[in-house]
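These notes are about the structure you will find just below.
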Amino acid sequence: EVLKKAEAVCRIIFDREGYPHDRHPGTELPVGTGTGFFIAPDLLMTNHHVLPTPEASSGAKAKFYLKKSRKKILRLDPGEFFYTSPRTKE
C-alpha cells in the first residue's frame with residue numbers, strides 16, 4: 001500500500017534553460033527543483049514556489065519513479081488546468 005502511494009509522488013524537472021530557475025554554472029542541472037503528487041488521475045499538486053505561473057508549468061515535466069527502476073515522465077499542460085494561490089503578506 002505504501003509503495004503504491006509513493007508512485008503518485010514525482011519530481012518536477014525543468015527543460016527550458018533559464019526558466020523558471022537558473023542553471024548551476026557549467027551544467028544542465030536546474031537550480032532548485034520540486035516535488036508534486038497526484039490528487040486525481042490527471043491532476044498534479046505542488047507548491048506555488050515550484051510552479052508559480054502557467055509559463056513556468058509549460059516548461060516543466062513530472063518524473064515518476066515506478067517499480068524497480070521504471071520511470072515515467074509526463075509533460076505538464078497548464079492550458080488544461082492551472083490554479084495557484086500565492087501566500088499573501090498579512
Side-chain angles (χ1 to χ4, degrees):
E1 183 69 24
V2 172
L3 291 177
K4 187 173 182 176
K5 289 180 182 179
E7 290 182 3
V9 177
C10 68
R11 180 174 181 208
I12 306 295
I13 55 177
F14 307 100
D15 63 357
R16 288 181 14 188
E17 188 169 336
Y19 196 83
H21 302 288
D22 292 328
R23 304 284 172 165
H24 285 289
T27 74
E28 290 300 310
L29 298 174
V31 174
T33 56
T35 57
F37 55 94
F38 276 122
I39 58 172
D42 60 351
L43 191 59
L44 184 76
M45 178 180 273
T46 189
N47 285 312
H48 173 77
H49 70 272
V50 176
L51 297 173
T53 65
E55 294 79 19
S57 299
S58 67
K61 297 176 186 175
K63 187 176 192 177
F64 294 86
Y65 296 91
L66 307 174
K67 298 174 188 173
K68 295 185 181 181
S69 76
R70 283 189 24 209
K71 290 183 274 188
K72 184 174 186 176
I73 299 175
L74 304 174
R75 180 165 294 283
L76 303 183
D77 183 7
E80 183 70 28
F81 180 83
F82 183 86
Y83 177 80
T84 188
S85 181
R87 183 176 178 174
T88 57
K89 296 181 181 180
E90 295 180 21

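Keep in mind that the numbers below use all heavy atoms, side chains included, and drop hydrogens, waters and symmetry copies.
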Inset, instruction - Report yes or no: do F81 and F37 belong to one cluster of Ile/Leu/Val/Met/Phe/Trp/Tyr joined by side chain heavy-atom distances under 4.5 Å? - result: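 Yes, F81 and F37 fall within the same hydrophobic cluster.
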Inset, instruction - Consider only side-chain heavy atoms of I, L, V, M, F, W and Y, link residues closer than 4.5 Å, and tell whether I12 and I73 are in one cluster. - result: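 I12 and I73: separate clusters.
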Legend entry - side-chain contact (heavy atoms from CB on, under 4.5 Å) partners of D77, counting only residues at least two apart: E80
To the nearest 0.5 angstrom, please state how far the [atom1] atom of [X] sits from the [atom2] atom of [Y].
| X | Y | atom1 | atom2 | answer |
| --- | --- | --- | --- | --- |
| F82 | L44 | CZ | CG | 11.0 Å |
| R75 | S58 | CZ | OG | 8.5 Å |
| I13 | K61 | CD1 | NZ | 6.0 Å |
| L51 | T46 | CG | OG1 | 5.5 Å |

Inset, instruction - For residues S57 and L76, report the shortest heavy-atom separation together with the two atoms involved. - result: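 Looks like O-CB, 3.6 Å.
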Inset, instruction - For the residue pair V50 and T35, establish whether any side-chain heavy-atom pair is separated by less than 4.5 Å. - result: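 No, every pair of side-chain atoms sits at 4.5 Å or beyond.
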Inset, instruction - Kindly write out the residues that satisfy side-chain hydrogen bond (donor to acceptor under 3.5 Å, both in side chains) with T84, not counting sequence neighbours, or none if the list is empty. - result: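 H48.
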Inset, instruction - Check ring pair (Phe, Tyr, Trp, His ring centres under 6.0 Å) between F38 and all other residues, then give those that pass, not counting sequence neighbours. - result: F64
